[in-house]
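Note that the numbering runs from 1 along the sequence shown for the chain. Treat the numbers as computed from the prediction; the structure is a model and nothing was measured.
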Amino acid sequence: MADRPWRAAIAIVVSAGVLGCGQSDRSANPTLAPALRDAASQGRFSDRTLTEASGLVQSSREPNVFWSHNDSGNSEQLFAFDSTGLSLGTVRVEGARNRDWEAIALGPCTVGSCFYIGDVGDNAGRRDDITLWRISQPTVHDTVTSLAERLRIRYADGPRDVEAIWVTPDTSVYLLTKRPDQDATGRYRPARIYRVPASAWRDESVAIAVVIDSLPIVNMPGDSRGWITDAALSAPDGTGARRLAVRSYRELYVFGIDTVSWRPTGVIEKCSLTALREKNSGEGVAWLADGRLMFDAEGEGARLHTGRCP
């Protein structure tokens, strides 16, 4: 794997004990990142049973329809709502189990378009394997989904806590680590990207997720506001420019995407999310057609927000 320009910078700042990715003082100090532009509250979740919205995805089948889900300890349901948070109903995910659903992504599949649900949460870093569930994209008129396909996954280097996934046009799934992580020397590493190849869906054995890259986001102990909680790939239907949005509780990063290797090419923008004033844990992010982003958070009646970076 060839080194990226940011790798040397990361090594320098981490070895020096400084939080940042070597781009500039703005990157090293979150308070210097520009605020999200045009930040606005769109409304609240009207379904008061959606209390731990841990993912966010926009439908490609129906206009102004979004989907989310609760995380661990909750039922195997997806919640539909419009851009103001007004409930449009729920659908049961047939054949699935919710151990700790932390992410949802839209991507292609053999039936056209599918939702990929990431049962990937692992706060303690102890799960021997995690699960991806894949279903045909539902509509608000459905009460139950197609039978979920299950893909069991193990990380090549041991358990990892993840809350961010995305899917590329070849149906490979990418997973991004959430928390601080140390290498063998005790140094803190940048967030790492694991890849599950498309071929894994055709194999009934446990798939192995392998590190293929990293992002210039270095989380340190005691700084939980920097933990990564979601990611979204723009234009999942294959049209338009490709960008990857990665959010934490505090910040948003936007990366370019190489459409040959499907790897991030570098930071395009970085914005502070303090303008959202999220009272609870900010969990989800999704691209809108006009280039804005939508954000959701955990909590009963939590607000939905939109904004641009920068």
Side chains of Arg195 and Trp262 in contact at under 4.5 Å (non-hydrogen atoms): no
Closest non-hydrogen atom pair, Ala198 against Ser172: N-OG, 3.3 Å
Student check: side-chain heavy atoms of Pro264 and Ile193 closer than 4.5 Å: yes
Non-hydrogen atoms of Leu106 and Gln58 that approach each other most closely: CD2-O, 4.0 Å
Separation between CD of Glu163 and CZ of Arg179, rounded to the nearest 0.5 Å: 7.5 Å
Any Asp47 side-chain heavy atom under 4.5 Å of Thr90 side chain: yes
Short side-chain donor-acceptor distance under 3.5 Å, Thr177 and Arg160: no
Ser68 side-chain N/O to Gly55 backbone N/O, donor-acceptor pair under 3.5 Å: yes
Any donor-acceptor pair under 3.5 Å from Tyr194 side chain to Val173 backbone: no
Residue Arg48 excluded, over 12 heavy atoms near CZ under 6.0 Å: yes
Tyr249 and Trp227 aromatic ring geometry - parallel, tilted or perpendicular at 30°/60° bounds: tilted
From CH2 (Trp67) to CZ (Phe79), nearest 0.5 Å: 10.5 Å
Contact check, side chains of Cys271 and Pro310, non-hydrogen atoms, under 4.5 Å: yes
Closest non-hydrogen atom pair between Gly95 and Leu147, with its separation: CA-CD1, 4.0 Å
Gap separating the CG atom of Asp296 from the CG atom of Leu304, nearest 0.5 angstrom: 6.0 Å
Asp38 (side chain) donor-acceptor with Arg308 (main chain) under 3.5 angstrom: no
Arg189 with Asp181: basic N within carboxylate O range, under 4.0 Å: yes
Sub-4.5 Å side-chain heavy-atom contact between Val57 and Phe66: no
Side-chain donor-acceptor contact under 3.5 Å, Gln137 with Ser113: yes
Side-chain (Glu76) to main-chain (Asn98) donor-acceptor, under 3.5 angstrom: yes
Joint cluster assignment, Val167 & Val196, ILVMFWY side-chain distance < 4.5 Å: yes
Between NE2 on residue His69 and CZ on residue Phe115, distance to nearest 0.5 Å: 10.0 Å
Salt-bridge criterion met for Arg99 and Asp119 (N-O under 4.0 Å): no
ILVMFWY network linking Tyr116 to Val162, side-chain heavy atoms under 4.5 angstrom: yes
No-hydrogen, no-angle side-chain donor-acceptor test under 3.5 Å, Ser54 and Glu298: yes
Gap separating the CD atom of Glu94 from the CH2 atom of Trp133, nearest 0.5 angstrom: 11.0 Å
Side-chain donor or acceptor of Asn70 paired with backbone N/O of Glu52 under 3.5 Å: yes
Side chains of Arg242 and Leu233 in contact at under 4.5 Å (non-hydrogen atoms): yes
N/O donor-acceptor pair under 3.5 Å between Asp230 side chain and Val285 backbone: yes
Connected via hydrophobic side-chain network under 4.5 Å: Trp101 and Ile135: yes
Check: Gly282 main-chain N/O paired with Thr229 side-chain donor or acceptor under 3.5 Å: yes
Least distance between heavy atoms, Thr171 atom then Pro108 atom: CG2-O, 3.2 Å
Check: Asp258/Thr265 side-chain N/O donor and acceptor closer than 3.5 Å: no
Main-chain N/O of Glu149 paired to Arg134 side chain as donor or acceptor, under 3.5 Å: no
Result of checking Ile217, Leu215, Asp161 against Ile228 for side-chain contact (heavy atoms from CB on, under 4.5 Å): Ile217
Main-chain N/O of Ser72 paired with Asn74 side-chain donor or acceptor, under 3.5 Å: yes
Plane angle bin for Trp166 and Tyr174 - parallel if under 30°, tilted between 30 and 60°, otherwise perpendicular: parallel
Residues Ser41 and Arg303: side-chain donor-acceptor under 3.5 angstrom: yes
same_hphob_cluster(Met294, Val65) at 4.5 Å side-chain heavy-atom cutoff: no
Contact check, side chains of Leu78 and Ile104, non-hydrogen atoms, under 4.5 Å: yes
Heavy-atom check, side chain of Thr110 versus side chain of Trp201, under 4.5 Å: no
Any donor-acceptor N/O pair, Asn64 side chain to Ser83 backbone, under 3.5 Å: yes
Leu88 side, atom CG; His141 side, atom NE2 - distance, nearest 0.5 Å: 9.5 Å
Salt bridge flag under 4.0 Å for residues Asp122 and Arg127: no
